[in-house]
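Here the structure is a predicted model, which means the values were calculated and not measured.
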Amino acid sequence: FDILTYTLVDMKQNNGYGKIIKKAVPLLQGEYLSHSGLMACRHADGKSWWLLKQGKGVNEHKVFKFVFTRDSIYDFGFQFISELTLGQNSDSYGQMTFMPDGSEYVLANATKNQVFRADFDRCSGLISNPRIYHIPVNNQAPGIALGDTSISGACYSPNGRFLYVNTWYNLYQLDLDEPDTSLAWYHVANMDTTYNQFMTWTSEYIAPDGKIYIGNRNGLGRAWSTIDSPDVKGAGCSFCPKC
């Protein structure tokens, strides 16, 4: 996985449906890249966008950076971060996500039982103050002793106080204002249906209604599970299975 491309669409053409002007233009080539670590954040100027891409393997300590303006793309190279250690296992599952105000970002990756968190400067693109969090480990299902460490999603609450992290089978809330990590983690849920019917969880995102929606890795279900009050600590976050 060694190429990153972009496509340019002019939304004023084709009666408002848009027309592709440039297709699959390379941004990066010949660099070993993460399958899942990719996310954009609005620049401090309010008009442009930062795009961050996580490296993998020999590049696991690198975060590649680009700025998209209204008419240009600027390559800001990469930043080397020694605390980033992703391991060599599959990283097809995982998520890079920014705090709603863009002041922080996290990388949750299936290759290791940990979450990387750092401050982000929307002016310069500088990543600083890196922290590593190790998630609790719970069983895949009641009666099944195999521990679940396959991290697949992470999302900040709208107010930025809480970080929600999900593995395939378990959902956690991390209170970022609690310095004692033994007290900061809250186990929100273990699956949203029976083990035989459960489709396992993947990425999670804040929707315009302020809720967090959790996607599924496989299966044919027709409903997402939600966190209805993500700004509330503990059980008050109101996890709603298949809602």
Side-chain angles (χ1 to χ4, degrees), residues 36-54 63 68 93-109 114-136 151-181 183-192 201-217 223-243:
S36 53
L38 175 71
M39 184 51 66
C41 175
R42 189 178 292 276
H43 194 281
D45 65 12
K47 301 176 182 178
S48 309
W49 288 84
W50 286 100
L51 180 72
L52 269 57
K53 179 62 184 175
Q54 175 62 46
V63 179
F68 284 70
Y93 307 107
Q95 187 173 4
M96 178 188 286
T97 184
F98 285 90
M99 187 176 281
D101 66 2
S103 63
E104 291 185 4
Y105 91 99
V106 299
L107 176 68
N109 194 282
Q114 64 185 33
V115 175
F116 175 86
R117 175 189 174 206
D119 295 339
F120 183 71
D121 188 324
R122 294 194 303 136
C123 294
S124 66
L126 179 68
I127 298 168
S128 62
N129 192 23
R131 290 87 94 193
I132 298 293
Y133 297 87
H134 296 275
I135 67 164
I151 301 176
S152 53
C155 184
Y156 285 96
S157 62
N159 66 4
R161 175 179 171 178
F162 302 105
L163 178 67
Y164 291 88
V165 180
N166 67 274
T167 58
W168 285 359
Y169 294 88
N170 290 277
L171 174 63
Y172 305 92
Q173 180 197 73
L174 175 63
D175 185 350
L176 301 177
D177 287 349
E178 172 55 67
D180 186 346
T181 55
L183 302 175
W185 288 100
Y186 173 73
H187 185 213
V188 178
N190 169 224
M191 305 191 300
D192 53 24
W201 288 316
T202 51
S203 304
E204 45 182 293
Y205 293 94
I206 300 175
D209 60 6
K211 300 179 182 181
I212 291 178
Y213 288 74
I214 308 171
N216 298 116
R217 185 170 70 98
W224 286 325
S225 292
T226 61
I227 303 169
D228 290 346
S229 302
D231 285 339
V232 180
K233 185 178 177 65
C237 69
S238 300
F239 173 75
C240 196
K242 297 296 182 186
C243 289

Nearest 0.5 Å please: distance from the [atom1] atom of [X] over to the [atom2] atom of [Y].
| X | Y | atom1 | atom2 | value |
| --- | --- | --- | --- | --- |
| Phe68 | Ser48 | CZ | OG | 11.0 Å |
| Glu178 | Phe162 | CD | CZ | 10.5 Å |
| Met39 | Met96 | CE | CE | 8.5 Å |
| Asn166 | Ser203 | CG | OG | 7.5 Å |
| Thr97 | Glu104 | OG1 | CD | 11.0 Å |
| Leu38 | Leu52 | CG | CG | 9.0 Å |

Quick one: closest heavy-atom pair of [X] and [Y], and the distance?
| X | Y | value |
| --- | --- | --- |
| Pro179 | Asp177 | CD-O, 3.4 Å |
| Ser157 | Ile206 | C-CD1, 4.0 Å |
| Val188 | Cys237 | CG1-SG, 4.0 Å |
| Cys243 | Thr226 | CB-OG1, 4.0 Å |
| Ile214 | Phe239 | CD1-CE1, 4.2 Å |
| Ser36 | Gly94 | CB-O, 3.6 Å |

Side chains of [X] and [Y], heavy atoms from C-beta outward: is any pair under 4.5 Å?
| X | Y | value |
| --- | --- | --- |
| Phe116 | Asn109 | no |
| Tyr133 | Arg117 | yes |
| Gln173 | Tyr164 | yes |
| Tyr186 | Asp175 | no |
| Ile227 | Leu171 | yes |
| Ile151 | Val115 | yes |

Flag, side chain of [X] to backbone of [Y], donor-acceptor distance under 3.5 Å:
| X | Y | value |
| --- | --- | --- |
| Trp50 | Arg122 | yes |
| Gln95 | Ala108 | no |
| Asp231 | Asn159 | yes |
| Ser152 | Trp201 | yes |

- Does a side-chain N-to-carboxylate-O contact under 4.0 Å join Asp101 and Arg42? no
For [X], which residues count as a ring-ring contact (aromatic ring centres under 6.0 Å, His included) partner, sequence neighbours excluded?
| X | answer |
| --- | --- |
| His134 | none |
| Tyr205 | none |
| Phe98 | Tyr105, Phe120 |

- For Asp228, salt bridge (Lys or Arg N to Asp or Glu O under 4.0 Å) partners two or more places apart: Lys211
- salt bridge (Lys or Arg N to Asp or Glu O under 4.0 Å) with Asp209: which residues, sequence neighbours excluded? none
- Note on the structure: Ala223 meets the side-chain contact (heavy atoms from CB on, under 4.5 Å) criterion, sequence neighbours left out, with Lys242
- Item | Other residues, nucleotides, ligands: >12 heavy atoms within 6.0 Å of Trp224 CH2 | no
- Task: Test side-chain contact (heavy atoms from CB on, under 4.5 Å) on His187 and Tyr172 and set out the steps.
- Result: CA-CA 5 Å; His187 185 213; Tyr172 305 92; 3.6 Å; yes
